[in-house]
Every structure is written in structure tokens, then in C-alpha cells.
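It should be emphasised that the depicted structure is a prediction, and the values quoted were computed from it without experimental measurement.
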Amino acid sequence: FTGETVLNVQRVSQAFGIAVGDAAEVQRQFEAMGESSEGAFNTQALTANLAEAAGVAPGKVMKDSAQNAKKAQKYLAGNAKELAKAAVEAARLGMSLGDMVDIADGLLDIEASVTAEFEASVMLGKQINMDLARQLALQGDIEGATKAVLDQVGSISDFNKLGVLE
């Protein structure tokens, strides 16, 4: 990092209560996605502001982003702002970006996904249709795919009890 980048990482860390190591790793990930140093800093600030607006801790979102950005890149086509939005939404839903990726990966294993869909229908006693969720996962919209799954099964707690699509 340049001296200016180090200062920017320290600033975002102090301003939003984010661990310096997490802020530095997110900076690296955003730059690896094609953001300039200044663009990556601005996207970190955007992420923190989105987190605060959603009522979730910016530090939690940044830690999640630092840990799961590489894993999520295949769905987000290197778009740092989409990663930021997905990480905030994951935190708002009580899950991690990694959980969203796992759900999308599970949906794209079509044979297992269809089997899990039938099992979930039986367990819940209602018809479950994951076609929209699969379509969104194929389009790289992990946030939308996760919401579509939760729309079918209820809360994240209900989803975790089922143990399907994991």
C-alpha cells in the first residue's frame, strides 16, 4: 500500500470502528476487483454507511467481506459495490456473505437442489419452488437468490433447521 492508502485504511477503521486488519484486507480485495486505491477507500466508506443505514455493525460487515470476498467474486463479477451491498444484506438477514455463496452454490447443484426442494416441501408441509432462486444464482445475484430461498422457507432460522441446499 502507498502511504496515502495506509492513512485511508486507518481513517475508515477509526471512523466506523472497523478492525484495521479487516479494513486493510477489504482494501486489498476491492483493489483486486479493479478498484483504484481511492475507489476502494470510497467503496469501504460506502459499505460502512450502508451497514449503518441497515442497522448492522460496519465492523461485522467488513470482517465478513474480508473473510468471504474471494469466495463471492465468482458471483459478483469483480464488482466491489455489489459485494458491499451483498455483505450488508447478509448481515441484515443474520447471515454471512459466505452463507449466501453456499446457498447459491447449493442451488446450482441442480440435482441436489431439486431433491432438497422436495424434502423441504415435505418438511414444511407446503409447496416449495426454488426456480427463481436458481435463476438468480445463475445470474450471479447471490443476494436475490438468498432472499428468494428465504421467501419460500421463512426466516434464516427456519432455513437452518431444514439443512437443505447447503
*asked:* Taking Ser37's backbone N and O only, do any of them form a donor-acceptor pair with Gln27's side chain (distance below 3.5 Å, no angle check)?
replied: yes
*Taking a hydrophobic cluster as the set of Ile, Leu, Val, Met, Phe, Trp and Tyr residues connected by side-chain heavy atoms closer than 4.5 Å, whether directly or through intermediates, do Leu136 and Ile110 fall within one such cluster?*
no
*Which pair of heavy atoms, one from Met95 and one from Ile103, lies closest together, and at what distance?*
CE-CD1, 3.5 Å
_Let me confirm one number: the OG-CG distance from Ser113 to Asp131, rounded to the nearest 0.5 Å._
8.5 Å
_Leu7 and Gln10, any side-chain heavy atoms less than 4.5 Å apart_ = yes
*asked:* Looking at Val9, is its backbone amide N or carbonyl O close enough to the side chain of Ser13 to form a donor-acceptor pair, meaning the two atoms are under 3.5 Å apart?
replied: no
*So, Lys126 side chain and Gln152 main chain: donor-acceptor pair closer than 3.5 Å or not?*
yes
*asked:* Rounded to the nearest 0.5 Å, what separates atom CD in Glu89 from atom CG in Leu97?
replied: 11.5 Å
*Short question: side chain of Gln44, backbone of Ala23 - any donor-acceptor pair under 3.5 Å?*
yes
*To the nearest 0.5 Å, how far apart are CE in Met100 and NZ in Lys147?*
7.5 Å
*Please determine if Asp105 and Lys74 form a salt bridge, counting it only when a charged side-chain N lies under 4.0 Å from a carboxylate O.*
yes
*To the nearest 0.5 Å, what is the distance between CG (Asn8) and CZ (Phe1)?*
10.5 Å
_Strictly distance-based, threshold 3.5 Å: is any side-chain N or O of Asp64 a donor or acceptor partner for the main-chain N or O of Ser96?_
no
*Neighbour count >12 (heavy atoms, 6.0 Å) for atom CD, Glu52*: yes
*Could you state the interatomic distance from CG (Leu76) to CE (Met33), rounded to the nearest 0.5 Å?*
5.5 Å
*Going through the checks in order, is the side chain to side chain donor-acceptor pair (under 3.5 Å) test met by Gln29 and Glu25?*
CA-CA 6 Å; Gln29 292 298 325; Glu25 181 58 27; 2.7 Å; yes
*Is a salt bridge present between Glu31 and Arg28, judged by a nitrogen-to-oxygen distance below 4.0 Å?*
no
*Does one hydrophobic cluster hold both Met130 and Tyr75, with members joined at side-chain heavy-atom distances below 4.5 Å?*
yes
*Can you tell if the side chain of Arg134 reaches within under 4.5 Å of the side chain of Val114, non-hydrogen atoms only?*
yes
*Gap separating the CG atom of Asp141 from the CD atom of Glu143, nearest 0.5 angstrom*: 6.5 Å
*Are Leu93 and Ile142 linked, directly or through other ILVMFWY residues, by side chains that come within less than 4.5 angstrom of each other?*
yes
*asked:* Please determine whether the number of non-hydrogen atoms from other residues, nucleotides or ligands lying under 6.0 Å from atom CD of Glu38 exceeds 12.
replied: no
*Could you tell me which non-hydrogen atom of Pro58 sits nearest to which non-hydrogen atom of Ala48, and how far apart they are?*
CG-O, 3.8 Å
*Shortest non-hydrogen separation from Ala66 to Val26 and the atoms involved*: N-CG2, 3.6 Å
_If we ignore hydrogens and angles and just use 3.5 Å, is the side chain of Thr43 paired with the main-chain N or O of Ala80 as donor and acceptor?_
no
*Please tell me if the side chains of Val88 and Lys85 come closer than 4.5 Å, counting only heavy atoms from C-beta onward.*
no
*asked:* To check you understand the geometry: which heavy-atom pair defines the closest contact between Val61 and Ala87, and what is its length?
replied: CG1-CB, 3.8 Å
_For residues Leu50 and Phe30: do they belong to one hydrophobic cluster (side chain heavy atoms under 4.5 Å, members Ile, Leu, Val, Met, Phe, Trp, Tyr)?_
no
*Find out if a path of hydrophobic residues (ILVMFWY) with successive side-chain heavy-atom gaps under 4.5 Å connects Val101 to Leu108.*
yes
